[in-house]
Each structure stands twice: as structure tokens, then as C-alpha cells.
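First up is the structure itself, then whatever we jot down about it.
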Amino acid sequence: QVQLVESGGGLVQPGGSLRLSCVASGSSWNINTMGWSRQAPGKQRELVARISVRGNTRYADSVKGRFTISRDNAKNMVYLQMNTLKPEDTAVYYCTTASSLYGESNYWGQGTQVTVSS
């Protein structure tokens, strides 16, 4: 089992920035690719970004150039730096693990709310 705990969500104005953090604990051998997904009200959950142990990344087209994912393998942590935030970025953001950049997510955190509004 892997436990994921997110932090860093909140309310921000359009054009602002936020940094999300996630710490993973439990069976570390399960942790390979880490990432973030989000779910906006009335919409399906979507992948935002992923990063492999070696630092290879994958981003949703909607966040490319604005969001940056990074990780600290020694601490089992993953981060999401979100810049130039837009109202459409409003969602609950979930930390996830997966077997690969393009595999299914297998563990999910509880989520942290990000609201972009003036």
C-alpha cells in the first residue's frame, strides 16, 4: 500500500501561482512514476502531469508551458509548480502514482482544492 498526502492548494487570482506538494509513504517499491491529476466540477478526472524516477515528464496540453512537475526521490515527494493560473484550472488536484508515464494510476491521494478566481 502507498499513502499519498497533498498540500499547497488554495485560492489564487488569475495569473497567479501556486505550488502543490505530495509526500508518499508505505511500500516504496511500488513508487515509480508520480504525478498529478485533477477533477473540475461536472467534468471527468484528467491527467495534469507525470514524472518518472529518472525525471522524464509528461504534461497535458492545457498546462504545457505553465506548470512544472518535479520530484525529490530521496524524500518520496513530488511537486507541481503552477504559474499563470486560469479560472479553468480550478479543480481538486490529486497526487498519484503509476507504473509508467503512460500507465494507469494505481494510488491516489485525498486531493487538494485549487480555486482560481478574482
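Counting from 1, the numbers follow the sequence of the chain as shown.
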- How would you list, by chain and number, every residue that makes a salt bridge (charged side-chain N to carboxylate O under 4.0 Å, His left out) with Glu88, sequence neighbours excluded? none
- Message: Distance check, rounded to the nearest 0.5 Å: Glu104 atom CD versus Thr96 atom OG1?
- Response: 10.5 Å
- Item | Co-membership, hydrophobic cluster, residues Trp108 and Val92, 4.5 Å side-chain | yes
- For side-chain contact (heavy atoms from CB on, under 4.5 Å), just list the numbers for Thr90 and Gln113, CA-CA rounded to whole Å, side-chain angles, deciding distance to a tenth of an Å, and then say yes or no. CA-CA 8 Å; Thr90 295; Gln113 177 71 46; 4.0 Å; yes
- Message: Membership question, hydrophobic clusters at under 4.5 Å side-chain separation (ILVMFWY): are Tyr79 and Val23 in the same one?
- Response: yes
- Note on the structure: Value for OG1 (Thr57) from CZ (Phe67), rounded to nearest 0.5 Å, stands at 14.5 Å
- Query: When clusters are formed by joining ILVMFWY residues with side-chain heavy atoms under 4.5 Å apart, either directly or through shared neighbours, do Val5 and Leu20 land in the same one?
  - Reply: no
- Message: I need the Gln81 CD to Leu18 CG distance, nearest 0.5 Å.
- Response: 8.5 Å
- Item | Atom pair CD1 (Ile51) and CG (Asn56), whose distance is rounded to the nearest 0.5 Å | 8.5 Å
- Item | Verdict with reasoning, Leu4 to Thr97, per side-chain contact (heavy atoms from CB on, under 4.5 Å) | CA-CA 9 Å; Leu4 302 169; Thr97 64; 3.9 Å; yes
- Item | Neighbour count above 12 (heavy atom, 6.0 Å) for Gln39 CD | yes
- Test side-chain contact (heavy atoms from CB on, under 4.5 Å) on Met82 and Val114 and set out the steps. CA-CA 10 Å; Met82 304 185 294; Val114 171; 3.9 Å; yes
- Item | Verify same cluster id: Met34, Val48 (apolar side-chain graph, 4.5 Å) | yes
- Do Val12 and Tyr93 share a hydrophobic cluster (ILVMFWY, side-chain heavy atoms under 4.5 Å, transitive)? yes
- Residue pair Ser21 / Met77, side-chain heavy-atom distance below 4.5 Å: yes
- Drop me the distance from Ser62's OG to Leu47's CG, to the nearest 0.5 angstrom. 9.5 Å
- Test side-chain hydrogen bond (donor to acceptor under 3.5 Å, both in side chains) on Ser105 and Arg50 and set out the steps. CA-CA 10 Å; Ser105 295; Arg50 280 187 177 167; 2.9 Å; yes
- Taking the six-membered ring of Tyr94 as reference, does the NZ or CZ atom of Arg45 fall below 6.0 Å from its centre and within a 45° cone about the axis? yes
- Task: Hey, could you give me the CG/OG distance between Leu101 and Ser52, rounded to the nearest 0.5 Å?
- Result: 5.0 Å
- Message: Applying side-chain contact (heavy atoms from CB on, under 4.5 Å) to Leu11 and Ser117, what does each step give before you reach the verdict?
- Response: CA-CA 7 Å; Leu11 173 64; Ser117 175; 4.2 Å; yes
- Item | Heavy-atom side-chain contact between Pro14 and Pro87 under 4.5 Å | yes
- Is there a donor-acceptor contact under 3.5 Å from the side chain of Gln3 to the main chain of Ala24? no
- Evaluate salt bridge (charged side-chain N to carboxylate O under 4.0 Å, His left out) for Lys86 paired with Asp89, printing each intermediate quantity in order. CA-CA 5 Å; Lys86 304 175 181 180; Asp89 294 317; over 6 Å; no
- Query: Quick one: are Val78 and Ile69 in side-chain contact, heavy atoms under 4.5 Å?
  - Reply: yes
